[in-house]
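For reference, the structure discussed in these notes is given below.
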Number of protein chains: 2
Amino acid sequence: MTIDRSAALPDLDQRRVGTSDVRLPPSVLLEGTSGRILREALLLFAEQGFHGTSIRDLAHACQIRSATLYAHYPSKEHVLAELVRIGHEAHHARLVGAQGRDSVERLRTVVREHVLAHAEYPLLAVVSNNELHALSPEMAAPAMLLRADGRQLLMDIINEGISEEVFDVPDAFLAVTAISGMGMRVANWYGSGVPYSPEQIAETYADFALRIVGAA
Amino acid sequence: MTIDRSAALPDLDQRRVGTSDVRLPPSVLLEGTSGRILREALLLFAEQGFHGTSIRDLAHACQIRSATLYAHYPSKEHVLAELVRIGHEAHHARLVGAQGRDSVERLRTVVREHVLAHAEYPLLAVVSNNELHALSPEMAAPAMLLRADGRQLLMDIINEGISEEVFDVPDAFLAVTAISGMGMRVANWYGSGVPYSPEQIAETYADFALRIVGAA
DNA sequence: GTCTATAGTAAGATAGAC
DNA sequence: GTCTATCTTACTATAGAC
């Protein structure tokens, strides 16, 4: 049998991110030049990386002179730190806010929120996930704490389901890494002409997570 | 009930990569200065990114002068391109080489190889996955083709299992993204004192993949 | 807050000796 | 192949006028 590889998948996997749609959570004030800088930095850092974007690139995108940036942020690193803070706080808040009556429902809602955060704000997620190394350890520390707490939250749900014998999973830790990893990667491909809504992806990934833990 | 979050997970999620263990596939010649450059670039590009690593950083790590680099590679971008080529060709060869008597076994082996490639060569995988944006579209093109073909290979296996009614999955495309995504992320956390062998992770992730497609 | 101008440093890459 | 020396450009950030 000849495999027909012409049955095309959507064109995934751009070099870095699948959309140019600049979006930030509604809680973020985007007015004035500070907001403008944040929005343009989001796109540039996502597409080119922090070190691949110069102060002049960023200023040009904002239609200001590079010196003007320093009236709003003390350094380029502080702009990244602000984006990373916004991304991690929004993501963490979604995880913590996920509710459910039992382990199955808690896992479903937390995975849904995890995936939604990555599909609704892919640029922010790419910057948050892939540019952490460009922050000093001190400036990255708050984000690292939120990440660790989010992982633990997922681990607790899975352990709870195991102890109640609702879940049947070969390894709880690897289930955490698998479930969180598959959700994180959504940020890199979503948007590029992919015919799914964030909700559809989140629902299906939540089903996958329940299958991984043996609850479906 | 109070959730005990002190039941610690392994310390995952370094800023970028969980190991400093420089490894390249055995097919790669590492002798001489060219090999030395490749090995040092692998570590630096993985930890700091391509744009975060200067020609002088790289030369210093190799204990040579920066001008000497140009006797071995025509530009810094060519060094990255070579690492990206090695990473993608090794990964793709493993996928293509994965055999199996039926859909279940084919999925199991291809996921195992996918995960092994990321766990055995995490630095190479991080560079291959996260630094593609630093290559020009022309220099990134060969890698993009291998990526697309690998995805299609996975898609074909899943479609085959569905048509044989061995798999029961809500969405084949999202199964592809989930399975490949969870495996890719392994490169970012494996190594940091994680008490699993690459084989253990690969086996468990292969189980997860079979669960995702409803075959387990 | 925004500008012009520029300081001071670091970047990628090349020339030419050995 | 490796070096010293250097070119040219680009970088982050600051000074000071308006």
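Proteins get letters first, then strands, A, B, ... in listed order; numbering begins at 1 in each. Since we're looking at a predicted model, the values are computed, not measured.
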In whole Å, I'd like the distance from the [atom1] atom of [X] to the [atom2] atom of [N].
X	N	atom1	atom2	value
His60(A)	dA10(D)	NE2	P	14 Å
Ile37(A)	dT2(C)	CD1	C1'	11 Å
Leu69(B)	dT14(C)	CG	P	12 Å
Ile64(A)	dT4(C)	CD1	P	12 Å
His51(A)	dA10(C)	NE2	C1'	13 Å
Leu44(B)	dA11(C)	CG	P	12 Å
Tyr70(B)	dT14(C)	OH	C1'	9 Å
Ile55(B)	dA5(D)	CD1	P	20 Å

Point to revise | Test log, rule side chain to side chain contact (heavy atoms under 4.5 Å, CB included), inputs Lys76(A) and Ser54(A) | key: CA-CA 8 Å; Lys76(A) 190 176 78 157; Ser54(A) 74; 5.7 Å; no
Review point. If you look at every strand shown and take non-hydrogen atoms under 4.0 Å, does Thr53(A) touch a base, only sugar-phosphate, or nothing?
Key: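 The answer is sugar-phosphate, as Thr53(A) gets under 4.0 Å only of primed atoms, P, OP1 or OP2.
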Regarding [X] and [Y], do their side chains bring together a donor and an acceptor under 3.5 Å, going by distance alone?
X	Y	value
Asn129(B)	Arg147(B)	yes
Arg94(B)	His114(B)	no
Tyr205(B)	Thr177(A)	yes
His133(B)	Arg16(A)	yes

**Study point:** Non-hydrogen atoms of Met182(B) and Ala209(B) that approach each other most closely
**Key:**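 Shortest heavy-atom contact: CE-N, 3.9 Å.
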Check your understanding: Toward the 5' end of DNA chain D, which comes first, Thr33(B) or Arg56(B), by nearest nucleotide?
Key ->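 Per heavy-atom nearest nucleotide, the more 5' residue is Thr33(B).
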Review point. For DNA chain C, what residues of residues 71-79 of chain A have any heavy atom nearer than 4.0 Å?
Key: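 The answer is Ala71(A), His72(A).
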Point to revise | Parallel, tilted or perpendicular, as decided by the 30° and 60° cut-offs, for the rings of Trp189(A) and Phe173(B) | key: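 Perpendicular, since the angle between the ring planes exceeds 60°.
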**Study point:** Short side-chain N/O contact to dC11(D) OP1/OP2 from Ser54(A), under 4.0 Å
**Key:**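 Yes, within the criterion.
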